[in-house]
Amino acid sequence: MPFMKGPAPIRRTLKYLESGKLFFRKSVKIFSINYNTSGNHHEGARDFVFWFLPQIQYKNPNVQVITFKNMTPTPFIHCYFDNGEKMLIDIFEKKKEEILDHVIKVAGKSEHTLNLEARMKEKKDNPANFGYYCDRHCICEIPGQLTCPGIKPLPEKMRGKYINAKE
């Protein structure tokens, strides 16, 4: 397979891309990382770009991701927000996991927010769901279903009270 060539082809598999942990907040519009291709204090930034940048791009399709190589003496990350603010993150001599954890902490969504969004997405995907936090409050809103018994009483042949009384 042609996509399984090159260094660490696992990075191009769908399972690997979906396992990313970083979901940016909605206000983050641009994520840029500056590092050099040589030097010991840039090693964590290089590893971060190599291993985690494809996951970040896959999980955040509305965020522009930019890398600048060999333009700075020290590695850093810039996050640009939709209200014009910028955030500078220093990644000098940090390991790739430390960088990821720090970016998740300062620019990523919290676990609580991710759980809420997953639950809301799960409930809205199925049109058969009804009740609170769903598209329809009651099943009677679906075309072809009976109206609510509180609005229009059911016919006597459909009510157990009358069926059991006849027996």
Side-chain angles (χ1 to χ4, degrees), residues 1-138 141-142:
M1 287 188 234
F3 70 91
M4 295 302 277
K5 294 180 180 176
I10 187 76
R11 296 178 303 144
R12 291 185 291 278
T13 61
L14 194 57
K15 184 177 178 182
Y16 180 77
L17 293 174
E18 288 175 346
S19 67
K21 297 188 292 184
L22 177 57
F23 291 90
F24 284 119
R25 296 181 194 141
K26 289 184 181 179
S27 59
V28 177
K29 295 300 173 194
I30 302 172
F31 175 81
S32 71
I33 181 165
N34 295 272
Y35 67 99
N36 289 342
T37 55
S38 61
N40 291 338
H41 53 274
H42 291 267
E43 186 175 355
R46 284 193 302 270
D47 290 343
F48 177 81
V49 169
F50 185 79
W51 289 108
F52 297 128
L53 209 62
Q55 292 177 338
I56 292 170
Q57 288 177 316
Y58 182 79
K59 291 289 188 173
N60 303 286
N62 296 329
V63 177
Q64 182 180 0
V65 178
I66 307 169
T67 58
F68 295 105
K69 296 179 188 175
N70 300 323
M71 296 178 65
T72 179
T74 60
F76 63 90
I77 293 174
H78 245 132
C79 291
Y80 297 90
F81 297 95
D82 57 359
N83 60 1
E85 291 184 21
K86 301 177 193 174
M87 181 185 346
L88 181 66
I89 302 170
D90 182 28
I91 55 174
F92 185 78
E93 289 188 351
K94 288 188 178 180
K95 295 181 181 176
K96 63 181 180 183
E97 292 85 9
E98 293 173 358
I99 296 169
L100 181 66
D101 291 340
H102 185 69
V103 172
I104 289 173
K105 187 186 224 180
V106 297
K109 292 181 182 177
S110 66
E111 283 293 323
H112 177 69
T113 307
L114 291 174
N115 290 339
L116 264 173
E117 286 179 357
R119 198 166 5 130
M120 293 299 285
K121 182 181 177 188
E122 182 179 293
K123 287 187 177 183
K124 288 197 175 200
D125 282 344
N126 191 347
N129 289 342
F130 59 92
Y132 294 111
Y133 307 114
C134 293
D135 292 336
R136 296 177 180 91
H137 179 69
C138 183
E141 297 175 14
I142 299 173

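Everything numeric in this text was worked out from a predicted model, so none of it was measured. Starting from 1, each residue takes its place in the sequence as its number.
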#### Entry: Step-by-step side-chain contact (heavy atoms from CB on, under 4.5 Å) determination, Tyr35 to Ile91
CA-CA 9 Å; Tyr35 67 99; Ile91 55 174; 5.8 Å; no
### Query
Just by modelled atom types, is the Thr113 backbone N or O under 3.5 Å from a matching donor or acceptor in the Ser110 side chain?
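Flag set: sc Ser110 to bb Thr113 pair under 3.5 Å.
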#### Entry: Any donor-acceptor pair under 3.5 Å from Arg11 side chain to Phe50 backbone
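At least one qualifying donor-acceptor pair exists.
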Which atom pair, heavy atoms only, marks the closest approach of [X] to [Y]?
X	Y	value
Asp90	Lys94	O-NZ, 3.5 Å
Lys26	Lys29	O-NZ, 3.4 Å
Phe52	Lys96	CE1-O, 3.7 Å
Val103	Phe24	CG1-CE2, 4.0 Å
Ala107	Val28	O-CG2, 4.0 Å

Measure the spacing between [atom1] of [X] and [atom2] of [Y] and express it to the nearest 0.5 Å.
X	Y	atom1	atom2	value
Cys79	Glu85	SG	CD	12.0 Å
Asn115	Lys109	CG	NZ	12.0 Å
Ile10	Leu17	CD1	CG	9.5 Å
Glu111	Lys21	CD	NZ	9.0 Å
Phe23	Glu117	CZ	CD	8.5 Å
Asp82	Asn62	CG	CG	12.0 Å

### Set of residues satisfying salt bridge (charged side-chain N to carboxylate O under 4.0 Å, His left out) with respect to Lys59, sequence neighbours excluded
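Listed in chain order: nothing, the list is empty.
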### Query
With a 3.5 Å cut-off and no angle check, do the side chains of Asn70 and Thr37 form a donor-acceptor pair?
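Note: Asn70 and Thr37 side chains meet the donor-acceptor criterion.
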### Query
Given Phe76 and Ile89, is the side-chain contact (heavy atoms from CB on, under 4.5 Å) satisfied, shown in steps?
CA-CA 6 Å; Phe76 63 90; Ile89 302 170; over 6 Å; no
### Task
Return the set of residues passing side chain to side chain contact (heavy atoms under 4.5 Å, CB included) with Ile30 (not counting sequence neighbours), or none when no residue passes.
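Scan of Ile30 (side chain to side chain contact (heavy atoms under 4.5 Å, CB included), adjacent residues dropped) gives Gln64, Ile66, Tyr80.
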### Message
Per the side chain to side chain donor-acceptor pair (under 3.5 Å) rule, what does the pair list look like for residues 40-55, sequence neighbours excluded?
### Response
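Side chain to side chain donor-acceptor pair (under 3.5 Å) check on residues 40-55 returns Ser19-Gln55, Asn36-His42.
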### Task
Show your working on side-chain contact (heavy atoms from CB on, under 4.5 Å) between Phe81 and Lys86 and close with a plain yes or no.
CA-CA 6 Å; Phe81 297 95; Lys86 301 177 193 174; over 6 Å; no
### Task
Might you work through the side-chain contact (heavy atoms from CB on, under 4.5 Å) test for Leu53 and Phe31, ending with a clear yes or no?
CA-CA 10 Å; Leu53 209 62; Phe31 175 81; 4.0 Å; yes
### Query
Can you check whether Ile77 reaches Ile99 side chain to side chain, under 4.5 Å on heavy atoms?
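Yes - at least one pair of side-chain heavy atoms lies under 4.5 Å apart.
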### Query
So, do Phe48 and Leu100 sit near enough that their side-chain heavy atoms are less than 4.5 Å apart?
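The answer is yes, as the side chains (C-beta and beyond) meet within the 4.5 Å cut-off.
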